[in-house]
Amino acid sequence: MLYIKCPYCGLRAQKEFSYGGDATVKRPNINEEVSSEDWDNFVYMRKSPRGKHIELWQHIAGCRQWIKVQRDTATHEIFQTAKVTEEIR
Amino acid sequence: MSQPFRLNKEGLINRNKKISFTFNGKKLFGYEGDTIASALIANGIHLVGRSFKYHRPRGFFGAGVEEPNAKLQVEFNGHSEPNVNATEMELVEGLSATSQNCWPSVNFDVGAINNFLKMFFPAGFYYKTFMWPKSFWYKIYEPFIRKAAGLGVASIEKDKERYEHKFEYCDLLVTGSGPSGLASAYAAAKNGAKVILAEDKPRFGGTLLTDDVSIDNLSGKDWAEKIISELKSMPNVTVKNRSQVFGYYDHNMLVMFERVSDHLEKKSKFTPRQRLWYIRAKETILSTGSIERPIVFGNNDTPGIFLSAAAKEYMKVYGVLVGKKPLIFTNNDSAYETALEFKKNNVEPIILDTREEHSSELIDEAKSKGIDIRFSHGVIVANGYKKVKSAKIGKLNKDKNSFEKIETVDCDCICVSGFWTPSVHLASQSGNKLKYEEKIDAFIPDKKKQHETSVGAANGSFTLEESLKHGFENGSNLSAKITETKKEISIPNVNEKKYGAHDKFWCMPLPKNENPKRFVDFQNDVSVSDIEIALREGYRSIEHVKRYTTLGMATDQGRTSNLNGLQLVSNIENKIVPEVGHTTFRPPFTPITIGTIVGREVGMEYMPTRKTPMHEWHEKNNAVFVDAGAWKRPRYYKQGSETLFEASKREAKNVRENVGICDVTTLGKIDIKGPDVAEFLNRVYTNAWMKLPVGKARYGLMLREDGIVMDDGTTTRISENHYHMTTTTAQAANVLSHLEYYLQIVWPELNVNVVSTTEQWAGAAIAGPKSREMLSKLYPDLDVSNEALPFMGYKESEFFGVPSRIFRISFSGELAYEINVKSDHGMFMWEKMMEVGKEFGNQPYGTEALSTLRIEMGHVAGPELDGRTIPSDVSLNGLVSKKKDFIGKNSLGREAFNVESRQKIVGLIPIDRKSSIPEGSHIVQDQNAKLPNPKLGHVSSSCWSVENNNPFSLAIMKDGKNMIGKKFFAVSPLKNKSIEVEVISSHYVDPEGKRVRS
Ligand SMILES: [Zn+2]
């Protein structure tokens with residue numbers, strides 16, 4: 001079971017979180033024209049890297065904040081967590 | 001009642017307390033502190049089971065977790081448990097053990113015929129034999145394999161025992177209380193670290209209990225006792241025996257299995273049987289020790305053949321002799337300690353040492369005591385069927401591939417030692433890659449992957465001095481990093497015997513024309529020739545060899561067989577062991593009970609039960625409940641001997657004719673506040689929200705970004721910047737997360753806050769033509785006319801003195817209202833409604849009637865919004881704005897969403913107007929067509945239309961409305977039904993929606 005550091009609450013067990021996918025995907029702006037290709041990329045196309053991956057988790061059984069987690073998809077090592085307003089590099 | 005193999009005083013058992021038990025029906029006794037194994041051996045019993053494949057007689061081989069053979073069916077405390085390791089289970093009064101995998105008895109087993117047919121059971125036997133003919137599989141092969149493969153018998157009784165889970169956090173977890181574990185725990189505890197020390201066995205000390213050593217002039221056992229009692233007195237230390245750390249998971253999470261009370265004669269009602277510990281440790285010391293491996297020889301599975309260290313443990317811990325005429329067969333010095341222990345107890349052993357004549361401290365001591373030592377010797381084959389009687393032994397030539405001399409010697413046991421294998425399972429599970437250590441011919445941990453540090457024998461250090469030093473140092477250094485305190489600890493003086501080098505020899509050759517079975521894996525009956533066959537047939541990867549031969553795949557996980565298997569493969573393949581590699585270690589290290597995994601999450605505690613504030617009233621009024629997620633909802637209120645069908649028809653009819661009330665508390669409720677709510681809703685819902693006035697509700701449809709309908713519900717504007725959203729019961733949690741996602745991540749610039757208020761409000765729907773009359777009696781001072789409170793209107797008013805919210809919304813398609821009061825007032829509201837509603841013929845209705853009402857109105861719900869439908873599929877395209885943007889809008893233009901033949905919602909009625917159509921039925925043109933019969937759609941919801949008094953269903957069907965008027969078959973192979981149906985509109989009742997506005 002992963003041990004995830006919520007930037008608001010501290011280290012908590014994985015049980016308290018739910019997974020939310022790739023955090024680097026940006027939704028096209030509302031009310032703006034978007035090409036079919038860009039839209040399809042946003043809705044469907046996801047990378048499935050082996051290794052470092054920046055992803056979203058929500059602390060559903062805690063503060064309910066969505067957070068960013070940089071995790072190794074092969075080893076589950078977590079390098080960094082951050083608020084969604086912060087950058088992970 | 002004498003015990004012929006019990007020593008007079010040796011051992012750590014309590015000779016003042018006799019314990020009686022039975023084995024295969026025979027009454028026996030042992031002592032407190034015995035295992036089933038030690039008590040049976042004391043009684044001279046060695047034949048305990050039959051082997052898995054050939055049903056060969058099997059006896060004890062080890063004295064602990066390494067045991068591959070002695071798995072018994074054990075009954076105690078009123079329950080029966082299969083596959084219990086006799087070498088681990090402690091003896092308790094009244095216990096009854098029986099042999100497994102034998103019929104009719106362990107002494108005469110019909111399956112033993114397999115042993116004489118062994119040429120038919122080579123490696124890959126099951127794969128090869130049972131592949132054809134295919135039709136034989138279910139009826140003949142599978143039942144045969146099941147019967148033959150069965151070990152113990154699982155109980156079919158309900159487990160009455162209590163099991164627990166516990167979550168724990170510590171600075172240092174130490175797994176194993178041998179010398180290195182004790183040293184690590186002690187050093188860390190002195191530094192003030194929070195320490196958990198776990199020992200699998202009942203007694204602490206590991207090899208200190210059996211090795212002839214001294215530490216600071218104390219015997220190993222006394223030193224261990226001293227350290228343990230000091231650790232127990234420290235508040236920062238938890239010391240646990242009978243507790244096995246069996247799994248190393250991500251982020252330093254380790255799982256431990258504690259046997260709390262099986263060894264107790266009496267326990268309180270609340271004492272659990274077993275406890276599962278989830279331990280999050282900052283650092284872990286893996287001091288799991290090592291396990292002796294055997295040397296492979298002919299008929300090496302005969303009862304009476306033991307690992308040499310096990311024989312010593314039986315003498316030193318249990319005061320039991322495994323035999324009185326022992327042969328010690330070894331390639332190293334450690335078995336000499338066993339020989340010396342026999343000698344001490346006046347038993348004369350013969351040592352067969354595969355090494356050439358040489359000298360070491362132990363060899364010299366054995367010589368000086370007059371022990372018969374034969375160098376360059378080994379056991380070729382054991383003689384005896386149910387017990388060793390003699391052994392054919394041979395003097396090896398220089399190359400150790402043939403014999404210079406062969407003779408037969410009498411013996412009643414053979415104690416074998418092929419050197420030591422570090423227990424690296426936890427290190428490997430942590431992600432550590434392991435490396436091959438040539439010096440000890442075994443794998444040891446390599447570079448750390450998590451916070452695990454292996455010490456002592458688990459790390460390949462086989463001397464006490466090194467183990468203690470390594471333990472103290474690592475315990476001290478690892479804890480000092482955490483506590484920032486470092487206390488000086490003096491490393492004690494150690495007195496131990498020095499071992500000479502071992503012989504890299506692991507399998508005895510066979511003389512010409514002799515071909516006895518030489519087992520590598522006892523539990524799965526894998527012999528040398530099976531591995532040879534696998535290699536001959538082209539299997540190369542060790543993982544494939546393992547699966548093909550089943551080597552190491554039994555419950556003992558190959559603890560005594562893996563390395564010998566690897567050596568064999570590497571020899572045949574002419575590779576070195578590290579090139580062959582090792583198979584993966586997986587938790588649990590030893591089998592654990594299902595009860596422990598489940599813990600307290602059984603019966604009522606399986607999941608939380610959510611009850612509405614009116615639950616007790618429903619119970620008192622014969623509600624039959626249905627689970628809606630964790631919620632309990634009344635499905636119908638049973639009157640007399642009514643069936644579900646009759647009751648729901650009565651309730652639905654009463655709503656259509658008079659008035660009914662329904663508990664709708666379970667609907668998701670989300671309170672939304674902020675100046676930008678209208679803009680937010682406008683993006684979240686498909687329809688327009690910018691102009692919703694205060695005091696009005698609106699129905700809204702929510703999509704996912706891929707255009708699929710996510711949820712529907714109403715949102716009401718309570719005041720300028722305050723809205724109240726409802727969701728379906730099932731989607732409540734998802735919708736909240738969805739809103740939070742957009743507010744926190746996508747549009748943080750919107751000033752909007754959302755919070756779930758599902759639990760805060762109790763809700764009741766009042767539906768039916770008489771609902772307005774009833775409402776006016778509930779709110780005598782309020783104008784509830786159609787003009788003052790129109791469809792989709794909202795008002796706040798006191799309900800007999802308590803604050804309430806009135807929504808004029810309808811799910812049933814009737815004139816209807818929904819009243820919300822604070823949860824605490826829910827019961828009051830409900831009882832008041834029942835009282836006031838009497839004169840209007842009000843009756844409560846459950847979810848079944850609710851479904852009937854919505855289905856015949858053509859209102860979609862979960863079965864239609866099934867994660868595959870877009871708004872136009874379910875006739876909701878009127879709610880999709882063409883002017884504004886919203887979540888999922890761009891996806892609606894996709895080509896596949898706009899083809900004419902797309903499956904869309906329709907209504908179905910049976911031609912005979914009588915046969916109800918099973919939900920899930922497939923719609924086909926021709927019920928007798930050849931399979932696969934093209935599927936035109938499926939039935940999503942079915943009901944008995946109370947309005948028209950015949951069955952009616954909603955279906956999602958190809959070409960949708962173009963099919964209206966045509967006839968098809970609704971086929972349900974599950975219910976074995978085929979019903980001819982006619983396609984009609986999905987709006988079966990009040991298609992114009994006049995009633996809700998009346
Ligand atoms: Zn949090």
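Residue numbers start from 1 in every chain, and the chains themselves are labelled A, B, ... in the order their sequence lines are given, proteins ahead of strands.
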- Item | From CE (B:Met253) to OH (A:Tyr3), nearest 0.5 Å | 8.5 Å
- Name the region of A:Trp66, side chain, backbone, both or neither, that has any atom closer than 4.5 Å to a heavy atom of chain B. both
- Determine, stepwise, if the pair B:His251 / A:Gln14 fulfils side-chain contact (heavy atoms from CB on, under 4.5 Å). CA-CA 10 Å; B:His251 297 184; A:Gln14 185 185 341; over 6 Å; no
- Residue pair A:Arg27, B:Tyr741: steps toward the side-chain contact (heavy atoms from CB on, under 4.5 Å) verdict: CA-CA 12 Å; A:Arg27 189 191 190 280; B:Tyr741 172 86; over 6 Å; no
- Query: Charged N to carboxylate O below 4.0 Å: is that the case for B:Lys449 and A:Glu77?
  - Reply: no
- Message: Are more than 12 heavy atoms, taken from residues, nucleotides or ligands other than B:Tyr606, located less than 6.0 Å from that residue's OH atom?
- Response: no
- Proximal component of A:Gln65, with respect to chain B [non-hydrogen, under 4.5 Å]: both
- Message: Report which part of B:Arg704 has an atom under 4.5 Å of a heavy atom belonging to chain A: side chain, backbone, both, or neither.
- Response: neither
- Query: Between the main-chain N or O of B:Asp250 and the side-chain N or O of A:His76, is there a donor-acceptor pair closer than 3.5 Å?
  - Reply: no
- Determine whether more than 12 heavy atoms belonging to other residues, nucleotides or ligands lie under 6.0 Å from atom CE of A:Met45. no
- Message: Would you compute the distance between atom CG of B:Asp706 and atom OH of A:Tyr44 and round it to the nearest 0.5 angstrom?
- Response: 5.0 Å
- Task: Could you have a look at B:Trp747, B:Tyr249, B:Phe886 and say which one has the most heavy-atom pairs with chain A under 4.5 angstrom?
- Result: B:Trp747
- Message: Counting neighbours of CD on B:Glu749 that are heavy atoms of other residues, nucleotides or ligands and sit closer than 6.0 Å, is the number greater than 12?
- Response: yes
- Task: May I ask you to name which of A:Thr75, A:Leu56, A:Asn29, A:Thr85 has the most heavy-atom pairs under 4.5 Å with chain B?
- Result: A:Leu56
- Query: Say you draw a straight line from CG of B:Asp885 to CG of A:Asn31; how long is it, rounded to the nearest 0.5 Å?
  - Reply: 5.0 Å
- Item | Greatest number of heavy atom pairs closer than 4.5 Å to chain B - which of A:Gln58, A:Lys83, A:Met1, A:Arg64 | A:Arg64
- B:Val746 versus A:Lys26: any side-chain heavy-atom pair under 4.5 Å? no
- Query: Within a radius of less than 6.0 Å around NZ of A:Lys5, do more than 12 heavy atoms belonging to other residues, nucleotides or ligands occur?
  - Reply: no
- Around B:Lys433, counting heavy atoms of other residues, nucleotides and ligands shown, do more than 12 lie under 6.0 Å from its NZ? no
- Honestly, the part of A:Leu2 sitting under 4.5 Å from a heavy atom of chain B is both
